2 protein chains.
Amino acid sequence: MQKIPNMESFARVSGISRPTVSKYFHDPDSVRKSTRAKIEQALKTYDYSPNIYAINQNRRLTKTIGIVVPYLADPFFAEMARNIEQRCIDAGFSPLLFSSHGRTELETDILRSLRSLKPAGVLLAPLGRSSDRDLLESFCEDVPTVLFDANVEGVGEAFVGSDNFQSIPLMVEYLCRTGEPPCFFEMAPVNPNANKRRRAYTEAMMGLGHQPHIVHVDGDGWAFEEIGHAEGIRAIEGRRFATNTVLCSNDRLAIGLLAAAYEKGLRVGRGHGCAMRIAGHDDHPFSRFTCPSLTTVAQDYEAISDHSVEALFAVIEASEEDRQRTETLFPGTLVMRTSA
Amino acid sequence: MQKIPNMESFARVSGISRPTVSKYFHDPDSVRKSTRAKIEQALKTYDYSPNIYAINQNRRLTKTIGIVVPYLADPFFAEMARNIEQRCIDAGFSPLLFSSHGRTELETDILRSLRSLKPAGVLLAPLGRSSDRDLLESFCEDVPTVLFDANVEGVGEAFVGSDNFQSIPLMVEYLCRTGEPPCFFEMAPVNPNANKRRRAYTEAMMGLGHQPHIVHVDGDGWAFEEIGHAEGIRAIEGRRFATNTVLCSNDRLAIGLLAAAYEKGLRVGRGHGCAMRIAGHDDHPFSRFTCPSLTTVAQDYEAISDHSVEALFAVIEASEEDRQRTETLFPGTLVMRTSA
DNA sequence: CCGAAATATTTACGCGGGTAAAATTACAAT
DNA sequence: ATTGTAATTTTACCCGCGTAAATATTTCGG
């Protein structure tokens, strides 16, 4: 199949003028039927596709959409990104995926290069605490941006996430009802969610008339399992868990703690002969396959990603005026498995 | 800080001609020192960066590098991609990351749009069996491509992966030496590696004078843990494992089988009181945190990604002539944990 | 079959910057 | 100071396509 270098030549061989061909590529239905037939015939005979760079250079807003997640090696974000990507494709956009890998410099680099790509919009799950707020703000002024997963107050056109103040009490209530009230196992918070979860835990416990017990451990970065494991062992050895039930700030931490308990010979579960109960939060894709399987709260991945995308499209289509920032929180659902 | 719309204006305010500024942006050292100082001074005073689309449109080879993996929700590929991304950035390229999500159509879509991006090169971990070979071939003719993880015979400028015929025998030998000879637990192969591993297993067993036992289970797609779990339970119930030791085709399958064994009340490990031993292959990032921790063969992630990138750079810099296709296999190392 | 509105196509120009070749400059050696 | 040469800078002309305005064509009521 003969390759055609540019639209000019392609227009010539299809017997149509170049601008009409250009119209066709933007919207095949915008040209006369007979014209369209001619073009599509030519498309079968010759190998041609418009040059992406030339297309975008002279257009005010491109068809690309940036997706930025803090840590792609976390299957939670990988799944989320997958969902979002698909929605964008379905809507005729070209998604570009970036991961900050938990590093502030990378996030800023990504935003910088994203800005020069002039994307139609960006879906951003920010690092959170360690994000460069000034940069974020100025970025969001240039590019329609929807935040998801982690909120940064006042930044972006919308925020979509899950409602920690609903999900954590849900779990606390369940744990209290079925056994000893839980301690809360957390690490240094990487984003606002962690803080909210701690507060939600404390409030829920107080509400039920129990004394909250927070086991706070050190550890930086995104190697949550590692932290949960190493610090879990230390916490167990130091008898830092006041009750036999531990609610972890997230599933990955719980997976680490599960490994710690196993190593220390503690049987985890709610049956007889079990020394401890462990619960998580997020319904991580691997939580079904831990031993024992992890009782957790499922975030509504799909609702969050779907709604994020829709919110972004709404912003893109709306004019500058209606820039009413919205925050949407989805409730979690209890996933009872065998660990608690 | 005042925004400057294009290079023309920027050149004017810095008192230099546009083409010289253009040169500067390609290589700051290629202009006279005094010129560079002027430009960098202006860069501090005004806000300007060249338009990406305009830059690339008229250049034969861009500075973008495509990275394509079959399934990004698999932390193995996520880690790999992270590594590769970083190397590309360090070398002054702009990596773009894509995931086929295990679907052939998506892989072809990605390759198609990648081709029109005119990337300097592409690092591709193909789906394997379900890849569109014709498309792959024609793609590789247009774009310098290095395959990694899964090979497609004869396609691309190079292949970099791990040596299944070294790693599997390593594990088989270890398992035979320390207990009952292993069965081999596998699912329908998604790529050539799976086939190689089965053959390597069979040969290794024969070589040691043992009868190979292959437990082949059904299951499509990339939900390996799910398959390992569901089919693992059936295999255990049906007593399909001829010995108490199971070598899984990969870690994710092993994670599923581990969950199955746990549910069936079978204690896994090599100590007394253990009913079975389970080993994996890949050293998946989560394998350290399974219960019990998974004995496996570590693929040399870093070596593979590093070498892939270097191979690609070599191809990019070399001329058309020296297109000697190379295959590089890295050996695995035994990671003894507690499951076998 | 006519004429006006609605569509479709063409004309003409611009976008932002790459890059060969010409012109200028710098620098070292006479 | 002069000259030769290498390094820089300019000149000049593209690239491939978007898009407003002008023109042509179709559609359709009457």
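In this text the structure is predicted, and so the values were computed from the model without any measurement. So that the names make sense, note that chain A is the first sequence line, chain B the second, and so on, each numbered from 1.
With D:dC17, D:dT9, C:dT9 as the candidates, the nucleotide lying closest to the side chain of A:Val31 is C:dT9. Considering only the side chain of B:Arg32, D:dT8 comes nearest among D:dG16, C:dT19, D:dT8. Which of D:dG18, C:dG17, D:dT10 sits closest to the side chain of B:Pro19 comes down to D:dT10. Closest approach to the A:His26 side chain among D:dG18, D:dG16, D:dT25 is made by D:dG18 (side chain taken as heavy atoms from C-beta onward). Taking only side-chain atoms of A:Thr20, from C-beta outward, the nucleotide of C:dT10, C:dT19, D:dT8 with the closest atom is C:dT10.
For A:Phe76 and A:Tyr301, the ring centers sit closer than 6.0 Å to each other.
Rounded to a whole Å, the CD1 atom of B:Ile16 is 15 Å from the C1' atom of C:dT25. At whole-Å resolution of the value, CD1 in A:Ile52 and P in C:dG16 are 20 Å apart. The separation between B:Lys23 atom NZ and C:dA20 atom C1' is 12 Å, rounded to whole Å. Rounded to whole Å, atom P of C:dG16 lies 13 Å from atom CD1 of B:Ile4. One can place CG of A:Asn51 at 13 Å from C1' of C:dG16, the figure rounded to the nearest angstrom. As a whole-Å value, the separation of A:Tyr53 OH from D:dC17 C1' is 15 Å. Rounded to whole Å, the distance from CD1 on B:Ile55 to C1' on D:dC17 is 17 Å. Taking atom CZ of B:Arg36 as the reference point, atom P of C:dA26 lies 18 Å away to the nearest angstrom.
In the interface, the side chain of B:Gln57 is paired with the base of D:dC15 through a donor and an acceptor atom under 3.5 Å apart.
Checking side-chain atoms of A:Ser308 against main-chain N and O of A:Ile304 turns up a donor-acceptor pair under 3.5 Å. Proximity of a side-chain donor or acceptor of B:Arg87 to a complementary backbone N or O of B:Ser305 within less than 3.5 Å is not detected.
Of the residues near DNA chain C, A:Ser17 and B:Asn6, the one whose nearest nucleotide (by heavy atom distance) lies more toward the 5' end is A:Ser17. Heavy-atom nearest nucleotides on DNA chain C were determined for B:Tyr48 and for A:Gly15, and the one closer to the 5' end corresponds to A:Gly15.
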| CA sep, side-chain torsions, deciding dist, call: A:His307, A:Phe330, ring pair (Phe, Tyr, Trp, His ring centres under 6.0 Å) | CA-CA 10 Å; A:His307 192 83; A:Phe330 287 95; 5.6 Å; yes
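Among all heavy-atom pairs drawn from B:Asn191 and B:Gly128, the shortest one is CB-CA, 4.0 Å.
In this structure, A:Pro5 reaches neither bases nor backbone, as no heavy-atom distance under 4.0 Å exists between it and the strands shown.
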